[in-house]
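Read through the structure below, which is laid out as structure tokens, and then see the notes.
When a ligand or atom number is given, it counts from 1 through the structure's own listing order.
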Amino acid sequence: MRALVIGASGQIGGHLRAQLLARGDAVVGTYATVEQPGLVPLDLDQADAVAGLIADAAPDVVFLPAGWTWVDGNEDDRARSFRQNCEQPLFVCQQAAQVGAVFVTYSTDYVFDGAAGPYAEDDAPAPLNVYGEAKLAAEQALLASGAECLILRTTTVYGPETQGKNFVYQLVRRLRAGQPFQIPSDQVATPSYGPDVAAATLALLDQGARGVWHVAGPDVLDRAAFARVACEVFDLDFDAIDVKTTAELAQKAARPLLAGLKTDKLRAAGISVRGVRAGLEAMRAAIEAGDAAAP
Ligand SMILES: NC(=O)c1ccc[n+]([C@@H]2O[C@H](COP(=O)([O-])OP(=O)(O)OC[C@H]3O[C@@H](n4cnc5c(N)ncnc54)[C@H](OP(=O)(O)O)[C@@H]3O)[C@@H](O)[C@H]2O)c1
């Protein structure tokens, strides 16, 4: 297939591009601020450039892992949040439809309120923060548009990556440097190994899947429990971490506490995401092999 990956410099986008290339697909990948070899620049704020690139690339599939993912930042700038996390995805989807391409993008368990997670695809959303509201608005607008689209909700994505930004990288970097690191004790999710999220995306696409699907790991655990396994795998001292309740952390945006995603639908399609210990061990191996950023 011919694929366009908007946001190929990021975590999920990097894995998508690598896996598409590995299976012999033709890929155009973009970056916004973090230049990487083989990627072309694209700023989603430049609508003409976006439309032009999609028309020129004439892809069969447009992947949009790009978005504004800083949850507390979204809380402070609702207009930017809705522009980048709702209006721009809808615009990209419309442009994809014009060239007959399927549109694939990502959403989050933050569309739920965290009262009773993990959640299934058809559970009622009720976002607690602006990021979740914008992501839910995007889902609804995309589905209402009638376009050929696949929306993957995921959560707590970790694993090897080129930018080395995800939670586990931050944890390893801070603890190895002897710096303080605060984490919440009471935010539950289903951590998701990034390369598997990308592989599941391609597998679903190959099956012709459309609509909303959950793509997440099988383990339901809070952030401290996740950090504990990460410390075991990376030979770090868990007791050096400053574990606080969400109330004590006083983050700007409210967080869903019992969040996470059920993946019965995904598993019924014969697709799965590995558990946290296996994922963390694979992450460490990839880093040590020089296949990803070092912490
Ligand atoms: N990571 C998670 O735990 C998680 C959980 C739930 C849902 N999701 C969703 O999954 C998707 C991918 O997440 P991720 O972790 O892969 O994100 P990421 O690593 O932060 O990557 C974001 C990508 O978007 C690009 N980008 C940002 N602003 C842009 C703009 N204005 N124009 C064009 N490109 C822009 C970035 O480019 P540069 O880096 O070059 O600037 C980067 O390639 C997002 O939609 C996110 O909401 C992620």
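- Closest approach of A134 and C86 over heavy atoms only: O-CB, 3.6 Å.
- Between F167 and F226, the ring-plane angle classifies as parallel under the 30° and 60° cut-offs.
- Under 4.0 Å is where a charged nitrogen must lie from a carboxylate oxygen, and between D264 and K262 no such pair does.
- The pair R255-D72 meets the salt-bridge criterion, since a charged nitrogen lies less than 4.0 angstrom from a carboxylate oxygen.
- Salt-bridge check for R83 with D45: passed, with a basic side-chain N closer than 4.0 Å to an acidic carboxylate O.
- Classification of the Y110-Y131 ring pair by plane angle, with boundaries at 30° and 60°, yields perpendicular.
- Within 4.0 Å of ligand 1, protein heavy atoms belong to G7, S9, G10, Q11, I12, Y31, A32, T33, V34, L42, D43, L44, P65, A66, G67, T69, Q84, Y106, S107, T108, Y131, K135, T154, T155, T156, V157, Q163, K165, listed by chain and number.
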